[in-house]
Structure formats: structure tokens, C-alpha cells
Amino acid sequence: MKKILFFAGAAMSALALGACSGNNCSSYNACSGPGTCNLDKDKVYTGVLPAADADGIRYTLKLDYDDDKNFMEGGYDLLETYIVGDSVSATGYKDAGSVRSEGDFTVMKGDGANSGKTYIKLVQDPGESSKGSDSGHLYFLVESDSTLVMVNAELQESTIPGLNYTLKIVK
């Protein structure tokens with residue numbers, strides 16, 4: 001009985017390790033190296049973006065890629081924390097309030113002038129989001145494996161000099 005369990009376990013391991021052999025992994029799946037796959041792919045990005053009515057908004061965006069959809073869609077959780085100047089705080093800023101939104105995201109390929117670029121579209125689920133969160137879609141340019149840049153609905157980056165719309169990977 002022990003031998004049967006051992007061979008069954010070995011066969012399952014071989015199948016799992018072989019799933020990414022031959023470099024079959026795209027940049028959106030969870031292979032971390034030759035012969036290894038991690039089918040739970042979460043990424044967390046953060047950054048402080050400009051705000052009209054605060055000193056900035058700290059975005060913390062968690063993307064949970066679905067392995068059964070070839071890592072081209074999944075669920076997201078976004079926390080937007082408004083920050084304002086505070087001369088008493090060690091950082092010079094304090095949190096003035098937060099809103100949270102959840103929903104689904106899709107990885108999209110650009111076309112026309114954006115051909116060859118990859119974008120992420122966030123679609124909010126209003127039932128799972130806090131009051132005051134933006135109910136519109138958000139779009140991000142995938143600048144690299146570790147950097148997202150917020151763009152508008154036409155997939156264009158901000159043209160205003162000095163404004164930073166970049167989120168960097170944390171995890």
C-alpha cells in the first residue's frame with residue numbers, strides 16, 4: 001500500500017513539474033523558473049497618485065489571477081487612501097480617509113496606436129465596494145512585470161508634466 005501511495009504521489013509531482021517544461025509559460029502565468037509552477041498568482045502594487053482634493057491618494061491594488069483562465073483575468077481588491085499634509089507626523093502626511101473597491105479584471109492587448117502594449121481593465125462590483133468608491137472602470141498600462149501606469153479610458157497616459165501615475169509591485 002505504501003508503494004502505491006508513493007508512486008501515485010511521484011506521478012502527480014511529475015505532472016505538476018512538467019506543466020511548465022519546455023518554456024510553455026507566458027508572462028502572465030505563475031511559473032517561477034524551469035520546471036516549477038505556482039498556480040496561485042497574486043500581485044500587489046502600490047503608489048501615491050495625484051489627487052485634486054488631497055496631497056495624494058495611496059493606491060494599494062491586489063490582483064488575483066485565475067489559473068483556469070490562462071492568467072488573463074481574475075479578481076481585484078483596491079484600497080485608495082487619501083493623504084494630507086501633517087506637520088506633527090514623522091512622515092509629514094496623515095491618512096484622511098479610505099475607500100475600498102473590489103471586482104474583476106481582464107488583461108487586454110492594445111490595438112491601433114497602442115498595438116503591442118498590454119493593459120489591465122478593472123471592473124468594479126458595486127455590491128462589494130465601499131460607499132464613495134469610483135464606480136467607473138480603471139485602466140492600467142503594464143509597463144513591466146513590476147510596474148503599472150494608470151491610463152484613461154482611451155488607454156492614454158497623462159500628458160501633464162510632473163504627475164506620477166505609477167504603481168510598483170510589492171509582492
Side-chain angles (χ1 to χ4, degrees), residues 5 7-49 57-82 97-158 164-171:
L5 289 176
F7 287 117
M12 294 296 284
S13 296
L15 285 173
L17 290 174
C20 286
S21 64
N23 235 356
N24 290 331
C25 300
S26 71
S27 62
Y28 287 99
N29 73 15
C31 292
S32 58
T36 62
C37 280
N38 175 5
L39 296 179
D40 182 27
K41 181 179 179 184
D42 292 347
K43 288 190 174 187
V44 178
Y45 298 86
T46 190
V48 177
L49 280 56
I57 304 172
R58 184 182 318 106
Y59 278 70
T60 304
L61 174 62
K62 179 183 178 189
L63 300 176
D64 183 11
Y65 289 82
D66 290 339
D67 62 330
D68 58 341
K69 300 292 185 180
N70 198 28
F71 300 97
M72 297 300 284
E73 59 185 58
Y76 81 88
D77 190 358
L78 175 64
L79 179 65
E80 299 171 64
T81 304
Y82 290 77
S98 297
V99 291
R100 192 180 133 272
S101 63
E102 280 186 43
D104 297 318
F105 74 89
T106 305
V107 177
M108 318 176 340
K109 298 294 182 184
D111 56 9
N114 299 317
S115 182
K117 295 181 180 179
T118 303
Y119 297 88
I120 294 176
K121 176 182 179 181
L122 305 181
V123 179
Q124 182 186 48
D125 179 354
E128 296 294 327
S129 302
S130 63
K131 184 177 179 182
S133 62
D134 184 7
S135 61
H137 304 315
L138 291 177
Y139 298 86
F140 291 90
L141 167 66
V142 179
E143 192 171 78
S144 71
D145 284 341
S146 63
T147 306
L148 300 178
V149 177
M150 184 182 279
V151 296
N152 64 20
E154 288 78 36
L155 306 180
Q156 300 166 334
E157 295 182 57
S158 173
N164 180 10
Y165 288 91
T166 304
L167 302 180
K168 297 279 186 178
I169 199 160
V170 183
K171 172 182 167 189

Do N70 side-chain atoms and M72 backbone N/O form a donor-acceptor pair below 3.5 Å?
no

On a heavy-atom basis, which atom in L167 and which in G47 lie closest, and how many Å separate them?
CD2-N, 3.5 Å

What is the distance from atom CG of D64 to atom CG of D67, rounded to the nearest 0.5 Å?
9.5 Å

So do the side chains of L122 and H137 get within less than 4.5 Å of each other, counting heavy atoms only?
no

Is there a side-chain contact between F71 and K41, using heavy atoms and a 4.5 Å cut-off?
yes

Keeping the roles fixed (side chain from N152, backbone from L155), state whether a donor-acceptor pair exists under 3.5 Å.
yes

Closest non-hydrogen contact found for L79 with S98 is CD1-CB, 3.8 Å

Would you kindly say whether T118 and K109 are connected by a side-chain donor-acceptor distance under 3.5 Å?
yes

Under 30°, 30 to 60°, or over 60°: which ring-plane class applies to Y65 and F105, parallel, tilted or perpendicular?
perpendicular

Under the criterion side-chain contact (heavy atoms from CB on, under 4.5 Å), I'd like the reasoning laid out for L138 against L61: C-alpha separation, chi angles, the key distance, then a yes or no.
CA-CA 11 Å; L138 291 177; L61 174 62; over 6 Å; no

Tell me if a side-chain donor or acceptor on T46 pairs with a main-chain N or O of Y59 at a distance below 3.5 Å.
yes

Answer whether the closest heavy-atom distance between the side chains of V44 and T60 falls below 4.5 Å.
yes

Enter the distance from T166:OG1 to K168:NZ here, rounded to the nearest 0.5 Å.
6.5 Å

What about the rings of Y165 and F140, do their centers lie closer together than 6.0 Å?
no

d(L141 CG, M150 CE) to nearest 0.5 Å is 12.5 Å

Is the shortest side-chain heavy-atom distance between I169 and K43 below 4.5 Å?
yes

Separation between CG of D104 and CD of Q124, rounded to the nearest 0.5 Å:
11.0 Å

pair V142-Y119: side-chain heavy atoms closer than 4.5 Å
no

Which atom of I57 lies closest to which atom of Y82, heavy atoms considered
CD1-CE2, 3.4 Å

Working to the nearest 0.5 angstrom, can you tell me the gap between E157 CD and E143 CD?
6.5 Å

Between V123 and Y76, which heavy-atom pair has the shortest distance, and what is it?
O-CE2, 3.6 Å

With a 4.5 Å limit on heavy-atom distance, are the side chains of I120 and T106 in contact?
no

